[in-house]
Amino acid sequence: MSLNLTRRDLARLITRIENGERGAQEALNALYPHTGRARVIGITGAPGSGKSTLVSEMARAWRLRSGLDQPQVAIVAVDPSSPFSGGAILGDRIRMRDLYGDSGIFIRSMASRGALGGIAAATADVVSALDAYGFEIVLIETVGAGQLEVDVARIAQTVIVVEAPGAGDEVQAVKAGILEIADVIAVNKADREGVAQTISALQSALDIAPANGHHGARAATELASDDGTGWRPPIVKVSALNREGIVELLAAVDTHRDYLVATGEGERRYQQRIESDIKARLRELLLQTAMRRITQIDYQAVLAAVGQRSLHPAEAALKLLDSLHL
Amino acid sequence: MRTRLEWENETLKPSLKRAPERRTAFETPSGIPFEIIYGDQDANEYPGEYPFTRGVHPTMYRSRLWTMRQYAGYASAQESNQRYRYLLQQGQTGISVAFDLPTQLAMDADDPLAAGEVGKVGVSISTLDDARELFDQIPLDKISTSMTINAPAAILLALYIAVAKEQGVAEGKLRGTVQNDILKEYAARGLYVFPPRQSMRLVTDIFAYCTEHVPHWNTISISGYHIREAGSTAVQEVAFTLANAIAYVEAALSAGLDVDEFAGQLAFFFNAHNDFLEEIAKFRAARRLWAKLMRERFGAKDMRSCMLRFHAQTGGSTLTAQQPMNNVARVTIQALAAVLGGAQSLHTNSMDEALWLPTEESVRTALRTQQIIAHESGVAGTVDPLAGSYVVESLTDQIEQRAKTLIDEIDRMGGAVRSIESGWMQSQISDASYRYQREIESKDRVIVGLNEFKSESAGEANRKMTRFTVNQAVEQRQRERLAAWRAKRDGQKVSELCSRLEAAARGTENVMPCLITCVEAGMTVGEIGNVFRCVFGEYHPPTVI
Amino acid sequence: MTTLPEPKPGASEISARPLRILIAKPGLDGHDRGAKVIARALRDAGMEVIYTGLRQTPEMIAEAALQEDVDAVGLSILSGAHNVLLPRIAEALRERGLSDVPIFAGGIIPDEDVPALVQAGIAGVFGPGSPIADIIAFIRARTPARD
């Protein structure tokens, strides 16, 4: 551990990051040289697919690995904020009870605070803090509200999409379109009926996807790659409740890591991630700067014109930009 | 439609031969005779006949009053045994054992997690010796015993059978009930240990064993009580209880049992809440709905399979810590609803239960409340007195329909087990409970003494009441007893049986015979629980709030 | 070794921060109706509630409070083991340097047990029938620096 932070310091720092409190960014700047070592793994999937239990069992299995392979594991579990009150109920720890007592594990619950992509706006920075603190594995469990939760692909090196046999043969991940970000597919609750149908539905969904189809959503998030080696997400049967298939799932995650290294795909994604991160932050800064410099008079005038439909919003934006005389 | 005469000839008369009436005549204090039933000469429903809306017996309380069964147990086996013997002397007609939380979770009294909990909400039972003391001088061939035990029901039943054998009572003669309703533990009460699938196997092992060896035993008490206590509505209470019951029947059928072989041994347990008319209708609706389910869905032929027999308990969550004497009035209304609804047995809560475990005095008042209803109110003089009331009949129909709609919804989800695993049932209960709480906070719902009609001196009144306290030394004593027990038994034999039990649990054989051997050889409740935990794993529920 | 810059909170930023509250059930009883109602009510009051579920040991509760950096810890217990368990939880929080985190408890806790619990570090005890508004007011009053 290179930082003189206690676990409590870390916990408090995470709170400051989440809240965008003063000092948080400075702390992140100071931590940045220590980041980049953690393996960041995203776990997403529809409600009822058993994500929390699976995340818990994965963490346990990593901690059971022997010797140098036994990593420190952090878990970031994201739950939705209420759109009405802004409050949230964060209940993922309930299913992670078995991890208690292991000082090599740190669990943090986060509310989505209005973000819709399955994670919170501050999740990436929180992951950085955990990375800098020395956690070798960071698992991110997304909200899992069934919506298009692709944002985790921006942060994670490997995304596991969790599916469970449900009523009928419809596959939730296919329906929700999140299969496209899958690097590994875990079919949980494999002791249930309907597993075979679920797997074959997933196989055919993968068959009809383009060779690198799973990168489609990454393209959407500016993380497109064109490696041409064709990683086809392996489908791993697990039963988190019965602790079956977890070792195989970790092996698939390792294989994906090896693939990322061997093909240079990991490095490419890393470069793209940095670039997209800088661009996103630049975009935000530019907007803030622009908003500070645009005069209220210009702004109100444009607003009124668009409101009366005498000016298209695109023209309005251009006009405001011109007023800055960049 | 049937005529009254047909009912009298075909149902009433044979029943009177078996169970004659308690008195030669029932009449009001003015001397007006009570008829057994009232209503038109032609009717669709009669007591003691399918679909049993009007009661499971043709004469109901005119032949035999309900069983007055107060749930009790605390501290050590010896102290609980004294309370049971006191209650039997006071006229109680059956005993109902409350176990402490470690026992209910298959932990021994010396388990580190048991610290502070031993003997608190019930009696601590870890060994055969504890069980022997619990039933000391209580003739197990004469009284019926109800045991509120679920996750480790098979272990406690094994202990009961072992004690009976020592008393010289054959297991075939035993009468009583194990609650054994694990589904409602996941849904509402929280005292689960093993995952659902493995738990259901233990449940059906008890069914199968008792069908063959303990035929007068109620192998399960399918409980809406705790679902209601967790905050459900009356309709949800009926629907979720019967949905769970369907899951048990299906599990038993797929374990190879015949429906008419075991269905007669199923019993139910409902809550009796404040809303008087709805509660009466609820019991009637539950009986009708269950009868139809058993006949139409499961093809039951034996009428006993179609009878919903139930125990009722007044609603613990309705009691207030403020102005506790008011609780006597609440309990009276609730108990009366249970009786007018046709309960087979009843527990009345004590007025001080929102404050602490009840004192002997308040338990006595609670029992007296039942006796007043039985002997002074006159309602036991005629069967199903509120039948034909426009409101009660209409509520009965509506509760039946609404509960059926919910059961259909659960069926579409793949059944009760699935709806519990996904957290759906829990979230329905939780939504209802939150609504109820908000109604209280906004005073849309008046709770006397709590949000209206408060009196300043309520706190003072509580302080003046006698408090019941469990002897703090019981935990230490239980630990010492356990240590002594472990020291004197045959350790070699115990470890052999451990392996045998493990093999039985891993396989498909019925675990009951092996469990009886294990407890007789001195294995403790916690040790057996640990074997099961090791084989079955432990369950953590879905996040539902 | 890197030293992080000290935070210098400004009042305006802090007011936007949702309070984080841990709601836990110590002991073995399974009656979580009260805990769930409180969790929902606090959420509806704009707080982030970390709910840990049943059968939590004092150490589990303290560890969760630390990792989640909560502003207050709420405990619901109906089993009668409060005199044993609640002081242990306060102690486990102190051991982790969390003695500044207020603890409140609800459930079946007789009045006469309250003084000793307060002495042991339980700042608020809410018996049966306590209005939720009182609990929310308690939390807000006890967390002024952060709310």
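Because only heavy atoms are used, hydrogens play no part in the values below, and waters and symmetry mates are left out as well, while side chains stay in. Order of the sequence lines fixes the chain letters, A, B, ..., with proteins taken first and strands second; residue numbering starts at 1 for each chain.
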* **Top of A/Ser109, A/Ser81, A/Ala111, A/Ala24 for chain C proximity - count of heavy-atom pairs under 4.5 angstrom** => A/Ser109
* For chain C, the option from A/Leu10, A/Asp9, A/Ile107, A/Ile14 that forms the most heavy-atom pairs under 4.5 Å -> A/Ile107
* Asked: Do the side-chain N and O atoms of A/Thr15 and A/Arg108 include a donor-acceptor pair separated by under 3.5 angstrom?
  -> yes
* Asked: Is the A/Tyr133 to A/Phe106 ring centre distance short of 6.0 Å?
  -> no
* Asked: chain A: which of C/Arg55, C/Arg40, C/Gln56, C/Arg96 shares the most heavy-atom pairs with it under 4.5 Å?
  -> C/Arg55
* Structure fact -> Applying a strict 4.5 Å limit to non-hydrogen atoms, the region of C/Leu98 in contact with chain A is both
* Is a salt bridge present between A/Arg60 and A/Glu57, judged by a nitrogen-to-oxygen distance below 4.0 Å? -> yes
* Asked: Side chain, backbone, both or neither: which part of C/Met47 has an atom under 4.5 Å from a heavy atom of chain A?
  -> backbone
* Which portion of A/Ile75 sits near chain C, non-hydrogen atoms under 4.5 angstrom -> neither
* To do: Side-chain contact test, heavy atoms from C-beta onward, threshold under 4.5 Å: evaluate it for C/Leu78 versus C/Lys25 and give yes or no.
  => yes
* Asked: Without hydrogens or angle criteria, can the side chains of A/Asp131 and A/Ser128 be said to hold a donor-acceptor pair below 3.5 Å?
  -> no
